[in-house]
Amino acid sequence: MIRVQEATFDAGAEQQALLAGRTDIGAVVSFTGLVRDFNEHPEVSALTLEHYPGMTESALEAIVADARGRWPLDAVTVIHRVGRLGPGDPIVLVVVASAHRRAAFEACDFIMDYLKTRAPFWKKEHAGDGDYWVSERDSDHSDARRWEA
Amino acid sequence: MSLTHLNARGEAHMVDVADKPESRREASASGHIRMRPETLALLAEGGLPKGDVLATARIAGIQAAKRTHELIPLCHALALSKVTVDFRLDEADSRVDVTATCRLNGRTGVEMEALTAVSVACLTLYDMCKAVDKSMEIGAVRLDTKTGGKSGDYHREAFAAQAAPIVTGEGQAGEVSLGNRCDVATPCIRVKCLAELRERLGVGEVAVALDSLERSDVAGLKAALKGLDSRFMGLDEGRVLCAVNQVMASDTTPVTNEDEVAFFPPVTGG
(Lines give C-alpha, C1' and ligand atoms only; values in the text may rest on other atoms or scores of the structure.)
Protein backbone atom coordinates (compact mmCIF):
# COMPACT_ATOMS: atom_id res chain seq x y z
CA MET A 1 0.00 0.00 0.00
CA ILE A 2 1.37 3.39 -1.02
CA ARG A 3 0.00 6.74 0.18
CA VAL A 4 1.10 10.35 -0.31
CA GLN A 5 -0.76 12.57 2.13
CA GLU A 6 -0.74 15.80 4.12
CA ALA A 7 -2.14 14.20 7.27
CA THR A 8 0.07 12.57 9.87
CA PHE A 9 0.12 8.80 10.37
CA ASP A 10 0.23 6.34 13.25
CA ALA A 11 3.13 3.94 12.65
CA GLY A 12 1.75 1.41 15.16
CA ALA A 13 -1.73 1.39 13.61
CA GLU A 14 -0.28 1.03 10.10
CA GLN A 15 1.83 -1.93 11.18
CA GLN A 16 -1.15 -3.61 12.86
CA ALA A 17 -3.26 -3.08 9.72
CA LEU A 18 -0.54 -4.65 7.60
CA LEU A 19 -0.36 -7.71 9.85
CA ALA A 20 -4.11 -8.11 10.45
CA GLY A 21 -5.33 -11.65 9.79
CA ARG A 22 -1.88 -12.90 8.73
CA THR A 23 -0.11 -15.76 10.45
CA ASP A 24 2.42 -16.52 7.73
CA ILE A 25 4.52 -13.41 8.48
CA GLY A 26 7.59 -14.08 10.59
CA ALA A 27 9.20 -10.63 10.60
CA VAL A 28 8.09 -7.04 10.28
CA VAL A 29 10.44 -4.06 10.06
CA SER A 30 9.16 -0.51 10.35
CA PHE A 31 11.10 2.70 9.64
CA THR A 32 9.80 6.19 10.47
CA GLY A 33 11.65 9.31 9.30
CA LEU A 34 11.19 12.49 11.39
CA VAL A 35 11.77 16.21 10.86
CA ARG A 36 14.96 17.31 12.67
CA ASP A 37 15.31 20.83 14.07
CA PHE A 38 18.77 21.15 12.52
CA ASN A 39 20.03 20.31 9.06
CA GLU A 40 22.06 22.42 6.64
CA HIS A 41 21.25 25.38 8.90
CA PRO A 42 20.68 25.23 12.68
CA GLU A 43 17.28 26.10 14.13
CA VAL A 44 15.03 24.65 11.45
CA SER A 45 11.52 25.71 12.48
CA ALA A 46 9.56 23.94 9.72
CA LEU A 47 9.84 22.42 6.30
CA THR A 48 7.60 22.30 3.27
CA LEU A 49 7.56 19.16 1.17
CA GLU A 50 6.69 19.54 -2.47
CA HIS A 51 6.12 16.61 -4.80
CA TYR A 52 5.13 15.81 -8.37
CA PRO A 53 1.62 14.34 -8.12
CA GLY A 54 1.21 11.31 -10.31
CA MET A 55 4.89 10.66 -10.80
CA THR A 56 5.40 10.42 -7.05
CA GLU A 57 2.99 7.51 -6.70
CA SER A 58 4.33 5.66 -9.75
CA ALA A 59 7.95 6.15 -8.60
CA LEU A 60 7.11 4.69 -5.18
CA GLU A 61 5.27 1.78 -6.80
CA ALA A 62 8.28 1.06 -9.00
CA ILE A 63 10.59 1.06 -5.96
CA VAL A 64 8.32 -1.36 -4.07
CA ALA A 65 8.05 -3.60 -7.16
CA ASP A 66 11.85 -3.61 -7.39
CA ALA A 67 12.10 -4.64 -3.73
CA ARG A 68 9.56 -7.44 -4.26
CA GLY A 69 11.74 -8.73 -7.11
CA ARG A 70 14.78 -8.90 -4.83
CA TRP A 71 13.29 -10.34 -1.64
CA PRO A 72 10.30 -12.59 -0.86
CA LEU A 73 8.00 -10.00 0.78
CA ASP A 74 4.54 -10.62 2.22
CA ALA A 75 3.40 -7.00 2.53
CA VAL A 76 4.75 -3.46 2.16
CA THR A 77 3.36 -0.09 3.29
CA VAL A 78 4.93 3.21 2.22
CA ILE A 79 3.46 6.53 3.43
CA HIS A 80 5.11 9.86 2.59
CA ARG A 81 3.77 13.19 3.78
CA VAL A 82 3.70 16.47 1.86
CA GLY A 83 2.97 20.06 2.86
CA ARG A 84 4.27 21.94 5.87
CA LEU A 85 5.78 19.92 8.75
CA GLY A 86 7.38 20.93 12.04
CA PRO A 87 10.33 19.50 14.00
CA GLY A 88 9.50 16.09 15.44
CA ASP A 89 6.75 15.43 12.90
CA PRO A 90 6.89 12.09 11.08
CA ILE A 91 7.61 12.47 7.33
CA VAL A 92 7.87 8.95 5.98
CA LEU A 93 6.89 5.43 7.01
CA VAL A 94 8.10 2.19 5.45
CA VAL A 95 6.77 -1.11 6.86
CA VAL A 96 7.98 -4.37 5.35
CA ALA A 97 6.78 -7.84 6.30
CA SER A 98 8.36 -11.14 5.29
CA ALA A 99 8.63 -14.72 6.47
CA HIS A 100 12.19 -14.08 7.70
CA ARG A 101 13.95 -11.13 9.29
CA ARG A 102 16.86 -10.68 6.88
CA ALA A 103 14.58 -10.02 3.91
CA ALA A 104 12.48 -7.55 5.95
CA PHE A 105 15.52 -5.62 7.24
CA GLU A 106 17.19 -5.41 3.86
CA ALA A 107 14.07 -4.55 1.86
CA CYS A 108 13.17 -1.73 4.28
CA ASP A 109 16.70 -0.31 4.01
CA PHE A 110 16.58 -0.64 0.20
CA ILE A 111 13.19 1.08 -0.15
CA MET A 112 14.38 4.07 1.92
CA ASP A 113 17.65 4.36 -0.06
CA TYR A 114 15.79 4.33 -3.37
CA LEU A 115 13.03 6.61 -2.11
CA LYS A 116 15.61 9.24 -1.12
CA THR A 117 17.26 9.22 -4.55
CA ARG A 118 14.40 8.42 -6.96
CA ALA A 119 11.03 9.62 -5.67
CA PRO A 120 10.16 13.20 -6.71
CA PHE A 121 9.96 14.97 -3.35
CA TRP A 122 11.72 18.22 -2.52
CA LYS A 123 12.24 19.77 0.91
CA LYS A 124 12.30 23.48 1.57
CA GLU A 125 13.46 24.24 5.10
CA HIS A 126 12.37 27.30 7.06
CA ALA A 127 15.17 28.32 9.45
CA GLY A 128 15.91 31.32 11.67
CA ASP A 129 18.05 32.83 8.92
CA GLY A 130 15.60 32.30 6.07
CA ASP A 131 14.16 29.63 3.76
CA TYR A 132 16.25 27.37 1.57
CA TRP A 133 15.84 24.30 -0.61
CA VAL A 134 17.68 21.27 0.74
CA SER A 135 20.49 20.01 -1.52
CA GLU A 136 21.05 16.40 -2.47
CA ARG A 137 23.60 14.45 -0.43
CA ASP A 138 26.39 12.34 -1.88
CA SER A 139 25.92 9.87 0.99
CA ASP A 140 22.34 9.18 -0.17
CA HIS A 141 23.64 8.29 -3.62
CA SER A 142 26.42 6.06 -2.28
CA ASP A 143 23.85 4.37 -0.01
CA ALA A 144 21.61 3.68 -3.02
CA ARG A 145 24.53 2.34 -5.08
CA ARG A 146 25.12 -0.41 -2.48
CA TRP A 147 22.15 -2.28 -3.99
CA GLU A 148 23.38 -2.17 -7.57
CA ALA A 149 26.23 -4.68 -7.20
CA MET B 1 -15.03 30.73 23.83
CA SER B 2 -14.31 32.54 27.12
CA LEU B 3 -11.50 34.63 28.57
CA THR B 4 -9.46 32.25 30.74
CA HIS B 5 -7.97 35.02 32.89
CA LEU B 6 -11.44 35.98 34.23
CA ASN B 7 -13.21 33.89 36.85
CA ALA B 8 -16.96 33.32 37.19
CA ARG B 9 -17.39 36.78 38.70
CA GLY B 10 -15.42 38.47 35.98
CA GLU B 11 -12.41 39.10 38.24
CA ALA B 12 -8.87 38.63 37.03
CA HIS B 13 -7.24 35.42 38.20
CA MET B 14 -4.26 33.29 37.31
CA VAL B 15 -5.17 30.03 35.55
CA ASP B 16 -4.24 26.90 37.57
CA VAL B 17 -2.12 24.86 35.19
CA ALA B 18 -1.05 22.11 37.62
CA ASP B 19 -3.38 19.53 36.05
CA LYS B 20 -2.54 20.32 32.44
CA PRO B 21 -0.30 17.77 30.73
CA GLU B 22 3.17 18.87 29.71
CA SER B 23 3.74 19.25 26.00
CA ARG B 24 6.26 20.83 23.70
CA ARG B 25 5.16 24.43 23.13
CA GLU B 26 6.57 26.85 20.64
CA ALA B 27 5.53 30.33 19.54
CA SER B 28 6.94 32.78 17.03
CA ALA B 29 6.15 36.49 16.92
CA SER B 30 7.31 39.32 14.72
CA GLY B 31 7.29 43.09 14.49
CA HIS B 32 9.29 45.87 12.94
CA ILE B 33 10.75 49.29 13.57
CA ARG B 34 10.67 51.75 10.71
CA MET B 35 13.42 54.37 10.54
CA ARG B 36 14.96 56.85 8.15
CA PRO B 37 17.12 55.26 5.43
CA GLU B 38 20.19 57.12 6.82
CA THR B 39 19.57 55.60 10.27
CA LEU B 40 19.26 52.11 8.80
CA ALA B 41 22.50 52.63 6.85
CA LEU B 42 24.31 53.72 10.04
CA LEU B 43 22.92 50.69 11.86
CA ALA B 44 24.08 48.37 9.08
CA GLU B 45 27.62 49.69 9.09
CA GLY B 46 27.90 49.87 12.90
CA GLY B 47 28.22 53.66 12.98
CA LEU B 48 25.83 54.43 15.83
CA PRO B 49 27.10 56.03 19.02
CA LYS B 50 25.90 53.27 21.38
CA GLY B 51 27.77 50.50 19.55
CA ASP B 52 26.59 47.11 18.31
CA VAL B 53 22.88 47.75 18.08
CA LEU B 54 21.62 44.35 16.93
CA ALA B 55 23.66 42.32 19.44
CA THR B 56 22.37 44.50 22.28
CA ALA B 57 18.76 44.31 21.07
CA ARG B 58 19.03 40.53 20.74
CA ILE B 59 20.19 40.14 24.35
CA ALA B 60 17.46 42.56 25.46
CA GLY B 61 14.82 40.48 23.68
CA ILE B 62 16.06 37.21 25.19
CA GLN B 63 16.23 38.70 28.71
CA ALA B 64 12.74 40.16 28.30
CA ALA B 65 11.29 36.78 27.26
CA LYS B 66 12.67 35.26 30.48
CA ARG B 67 11.11 38.03 32.59
CA THR B 68 7.70 38.20 30.91
CA HIS B 69 5.95 37.10 34.14
CA GLU B 70 7.29 40.20 35.91
CA LEU B 71 5.72 42.47 33.30
CA ILE B 72 2.40 40.84 32.40
CA PRO B 73 0.34 40.44 35.58
CA LEU B 74 -1.26 37.01 35.14
CA CYS B 75 1.55 35.27 33.26
CA HIS B 76 3.28 32.26 34.83
CA ALA B 77 7.05 32.21 35.31
CA LEU B 78 8.35 29.74 32.75
CA ALA B 79 11.59 27.82 32.36
CA LEU B 80 12.05 28.46 28.65
CA SER B 81 14.20 25.89 26.85
CA LYS B 82 14.97 28.16 23.92
CA VAL B 83 14.66 31.82 22.95
CA THR B 84 15.90 33.19 19.65
CA VAL B 85 15.64 36.76 18.42
CA ASP B 86 16.53 37.55 14.82
CA PHE B 87 16.75 40.68 12.75
CA ARG B 88 16.45 41.34 9.06
CA LEU B 89 17.37 44.73 7.64
CA ASP B 90 14.78 45.64 5.02
CA GLU B 91 16.28 48.43 2.96
CA ALA B 92 13.32 48.60 0.56
CA ASP B 93 10.91 49.50 3.38
CA SER B 94 13.61 51.18 5.49
CA ARG B 95 12.98 49.13 8.59
CA VAL B 96 14.33 46.33 10.77
CA ASP B 97 12.13 43.23 10.93
CA VAL B 98 12.32 41.47 14.28
CA THR B 99 11.28 37.86 14.89
CA ALA B 100 11.39 35.88 18.12
CA THR B 101 10.78 32.21 18.84
CA CYS B 102 10.31 30.73 22.31
CA ARG B 103 10.05 27.07 23.23
CA LEU B 104 9.57 24.92 26.28
CA ASN B 105 8.17 21.61 27.41
CA GLY B 106 5.51 22.71 29.82
CA ARG B 107 1.90 23.43 30.66
CA THR B 108 1.37 26.93 29.28
CA GLY B 109 1.86 28.57 25.93
CA VAL B 110 4.85 30.78 25.21
CA GLU B 111 3.25 33.35 22.92
CA MET B 112 3.44 36.13 25.54
CA GLU B 113 7.16 35.47 25.86
CA ALA B 114 7.69 35.68 22.09
CA LEU B 115 5.61 38.87 21.86
CA THR B 116 7.49 40.41 24.80
CA ALA B 117 10.85 39.52 23.24
CA VAL B 118 9.87 41.24 19.97
CA SER B 119 8.50 44.31 21.79
CA VAL B 120 11.55 44.81 24.00
CA ALA B 121 13.97 44.14 21.13
CA CYS B 122 12.17 46.89 19.17
CA LEU B 123 12.28 49.26 22.17
CA THR B 124 16.00 48.58 22.57
CA LEU B 125 16.55 49.31 18.87
CA TYR B 126 14.76 52.61 19.45
CA ASP B 127 16.93 53.39 22.47
CA MET B 128 20.13 52.51 20.61
CA CYS B 129 19.27 54.66 17.59
CA LYS B 130 17.33 57.57 19.09
CA ALA B 131 20.36 59.87 19.20
CA VAL B 132 20.21 60.12 15.41
CA ASP B 133 16.52 59.51 14.70
CA LYS B 134 13.54 60.30 16.94
CA SER B 135 10.91 59.66 14.28
CA MET B 136 11.29 55.87 14.37
CA GLU B 137 8.05 53.94 14.57
CA ILE B 138 7.45 50.47 16.05
CA GLY B 139 4.69 48.46 14.41
CA ALA B 140 2.97 45.22 13.49
CA VAL B 141 3.94 43.35 16.66
CA ARG B 142 2.00 40.10 16.34
CA LEU B 143 1.92 36.35 16.88
CA ASP B 144 2.86 34.41 13.74
CA THR B 145 2.66 30.81 14.88
CA LYS B 146 1.89 28.85 18.03
CA THR B 147 2.14 25.08 18.36
CA GLY B 148 1.45 22.59 21.13
CA GLY B 149 -1.17 22.66 23.86
CA LYS B 150 -4.89 22.03 24.05
CA SER B 151 -6.08 25.06 22.10
CA GLY B 152 -4.43 23.72 18.98
CA ASP B 153 -1.92 25.13 16.54
CA TYR B 154 -2.23 28.65 15.21
CA HIS B 155 -0.67 30.03 12.05
CA ARG B 156 -1.26 33.61 10.97
CA GLU B 157 -2.87 33.65 7.52
CA ALA B 158 0.24 34.49 5.52
CA PHE B 159 1.91 31.57 7.28
CA ALA B 160 -1.12 29.35 6.78
CA ALA B 161 -0.97 30.09 3.06
CA GLN B 162 2.53 28.65 3.02
CA ALA B 163 1.13 25.53 4.62
CA ALA B 164 -0.75 24.46 1.49
CA PRO B 165 1.22 21.82 -0.36
CA ILE B 166 2.89 23.31 -3.36
CA VAL B 167 2.31 21.18 -6.39
CA THR B 168 3.10 22.06 -9.95
CA GLY B 169 1.81 25.46 -10.83
CA GLU B 170 2.27 29.00 -12.00
CA GLY B 171 4.33 31.22 -9.73
CA GLN B 172 3.24 31.46 -6.13
CA ALA B 173 3.64 28.72 -3.57
CA GLY B 174 0.41 27.09 -2.53
CA GLU B 175 -1.38 27.64 -5.80
CA VAL B 176 -2.48 24.54 -7.60
CA SER B 177 -2.65 24.71 -11.36
CA LEU B 178 -4.05 22.05 -13.64
CA GLY B 179 -1.59 23.11 -16.33
CA ASN B 180 -1.85 24.99 -19.57
CA ARG B 181 -3.86 23.03 -22.08
CA CYS B 182 -2.44 22.90 -25.55
CA ASP B 183 -4.55 24.47 -28.27
CA VAL B 184 -6.22 21.62 -30.18
CA ALA B 185 -5.16 23.06 -33.55
CA THR B 186 -1.45 23.50 -32.70
CA PRO B 187 0.56 20.46 -31.56
CA CYS B 188 2.49 21.39 -28.44
CA ILE B 189 4.35 20.21 -25.37
CA ARG B 190 3.47 21.16 -21.81
CA VAL B 191 6.52 22.04 -19.71
CA LYS B 192 6.60 22.23 -15.91
CA CYS B 193 9.40 23.48 -13.69
CA LEU B 194 9.27 22.16 -10.13
CA ALA B 195 10.54 23.09 -6.66
CA GLU B 196 13.79 25.10 -6.47
CA LEU B 197 14.02 25.27 -10.28
CA ARG B 198 10.56 26.89 -10.52
CA GLU B 199 11.62 29.55 -8.01
CA ARG B 200 15.06 30.07 -9.59
CA LEU B 201 13.69 30.43 -13.12
CA GLY B 202 10.46 32.15 -12.08
CA VAL B 203 8.55 29.83 -14.42
CA GLY B 204 5.92 27.30 -13.33
CA GLU B 205 4.32 26.06 -16.51
CA VAL B 206 4.56 26.93 -20.16
CA ALA B 207 3.30 25.43 -23.42
CA VAL B 208 5.74 25.13 -26.32
CA ALA B 209 4.62 24.66 -29.93
CA LEU B 210 5.98 21.40 -31.30
CA ASP B 211 7.07 23.03 -34.57
CA SER B 212 9.41 25.37 -32.66
CA LEU B 213 11.63 22.36 -31.93
CA GLU B 214 14.46 21.67 -34.36
CA ARG B 215 14.79 18.14 -32.95
CA SER B 216 11.88 16.24 -31.40
CA ASP B 217 13.68 15.28 -28.19
CA VAL B 218 14.38 16.77 -24.76
CA ALA B 219 17.56 18.50 -25.97
CA GLY B 220 15.55 20.11 -28.80
CA LEU B 221 12.92 21.21 -26.29
CA LYS B 222 15.58 22.81 -24.06
CA ALA B 223 16.97 24.73 -27.05
CA ALA B 224 13.46 25.92 -28.00
CA LEU B 225 12.80 27.04 -24.40
CA LYS B 226 16.02 29.06 -24.32
CA GLY B 227 14.92 30.73 -27.57
CA LEU B 228 11.55 31.47 -25.98
CA ASP B 229 12.93 33.09 -22.81
CA SER B 230 16.49 33.66 -21.65
CA ARG B 231 15.56 32.54 -18.12
CA PHE B 232 15.66 28.95 -19.40
CA MET B 233 19.45 29.27 -19.67
CA GLY B 234 19.17 28.23 -16.00
CA LEU B 235 18.33 24.69 -17.17
CA ASP B 236 22.08 24.25 -17.66
CA GLU B 237 23.03 25.48 -14.17
CA GLY B 238 23.63 22.74 -11.63
CA ARG B 239 22.10 19.30 -11.90
CA VAL B 240 18.62 19.47 -13.50
CA LEU B 241 16.62 16.27 -13.98
CA CYS B 242 13.87 15.68 -16.50
CA ALA B 243 10.77 13.47 -16.76
CA VAL B 244 8.68 12.93 -19.89
CA ASN B 245 5.09 11.91 -19.12
CA GLN B 246 6.20 11.36 -15.51
CA VAL B 247 8.96 8.88 -16.38
CA MET B 248 12.62 9.83 -15.89
CA ALA B 249 14.14 10.91 -19.19
CA SER B 250 17.39 12.18 -20.73
CA ASP B 251 18.35 14.66 -23.45
CA THR B 252 17.80 12.03 -26.15
CA THR B 253 14.29 10.99 -25.02
CA PRO B 254 11.83 11.75 -27.85
CA VAL B 255 8.95 14.16 -27.22
CA THR B 256 5.73 14.57 -29.14
CA ASN B 257 2.38 16.35 -29.17
CA GLU B 258 0.61 16.66 -25.77
CA ASP B 259 3.61 15.32 -23.86
CA GLU B 260 4.17 16.60 -20.33
CA VAL B 261 7.83 17.39 -19.69
CA ALA B 262 8.96 18.30 -16.18
CA PHE B 263 12.33 19.76 -15.20
CA PHE B 264 13.36 19.60 -11.55
CA PRO B 265 16.35 19.57 -9.19
CA PRO B 266 17.73 16.38 -7.57
CA VAL B 267 15.15 14.89 -5.21
CA THR B 268 15.43 15.35 -1.43
CA GLY B 269 12.51 13.47 0.12
CA GLY B 270 12.45 10.87 2.87
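In what follows, chains are A, B, ... by sequence order, proteins preceding strands, each numbered from 1.
- For chain B, no part of A:Asp113 is nearby; none of its heavy atoms comes within less than 4.5 Å.
- Without hydrogens or angle criteria, A:Arg3 side chain to A:Val78 main chain gives no donor-acceptor distance under 3.5 Å.
- Along residues 85-94 of chain B, the residues that come nearer than 4.5 angstrom to chain A, judged on non-hydrogen atoms, are B:Asp86 in order of number.
- Listed by first then second residue, pairs satisfying side chain to side chain donor-acceptor pair (under 3.5 Å) with a partner in residues 64-74 of chain A read A:Asp66-A:Arg70, A:Trp71-A:Glu106, not counting sequence neighbours.
- Side-chain N or O atoms of A:Glu61 include none that pairs as donor or acceptor with a backbone N or O of A:Met1 at under 3.5 Å.
- Salt-bridge check for A:Glu136 with B:Arg239: passed, with a basic side-chain N closer than 4.0 Å to an acidic carboxylate O.
- For residues 89-100 of chain A, a heavy-atom distance under 4.5 Å to chain B picks out A:Ile91, A:Val92, given by residue number.
- Between the B:Gln246 side chain and the A:Met55 main chain, a donor and an acceptor come within less than 3.5 Å of each other.
- Contacts of A:Ser135 with chain B are made by backbone atoms alone, with heavy-atom separations under 4.5 Å and no side-chain atom involved.
- For B:Thr99, no part sits under 4.5 Å from any heavy atom of chain A, backbone or side chain.
- Using modelled atom types, one side-chain atom of A:Glu50 and one backbone atom of B:Ala195 make a donor-acceptor pair closer than 3.5 Å.
- Listed in order of number, the residues of residues 138-147 of chain A that approach chain B to under 4.5 Å between heavy atoms are A:His141.
- A cation-pi arrangement is present between A:Arg36 and A:Phe38 under the rule of less than 6.0 angstrom and at most 45 degrees off the ring axis.
- Between B:Glu111 and B:Arg25 no salt bridge is recorded (no basic side-chain N to carboxylate O distance below 4.0 Å).
- The CZ atom of B:Phe263 sits 6.0 Å away from atom NZ of B:Lys222, with the distance rounded to the nearest 0.5 Å.
- One finds no salt bridge joining B:Glu196 and A:Lys124 here, because no Lys/Arg side-chain nitrogen approaches an Asp/Glu carboxylate oxygen to under 4.0 Å.
- Nearest heavy atoms, A:Asp37 versus A:Pro87: CB-CB, 3.8 Å.
- Annotation for B:Leu241 and B:Pro265: closest pair CD1-O, 4.1 Å, computed over non-hydrogen atoms.
- Across A:Gly88, A:Gly54, A:Gly86, A:Ser58, the residue that shares the most heavy-atom pairs under 4.5 angstrom with chain B is A:Gly54.
- Enclosure of atom CZ in A:Phe9 by more than 12 non-hydrogen atoms of other residues, nucleotides or ligands within 6.0 angstrom is indicated.
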Worked check of side-chain contact (heavy atoms from CB on, under 4.5 Å) between A:Val44 and A:Tyr132: CA-CA 10 Å; A:Val44 172; A:Tyr132 60 93; 3.8 Å; yes

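- Contact of A:Arg118 with chain B is made through the backbone alone, with heavy-atom distances under 4.5 Å.
- The closest side-chain heavy-atom distance from B:Thr101 to B:Val83 is not below 4.5 Å.
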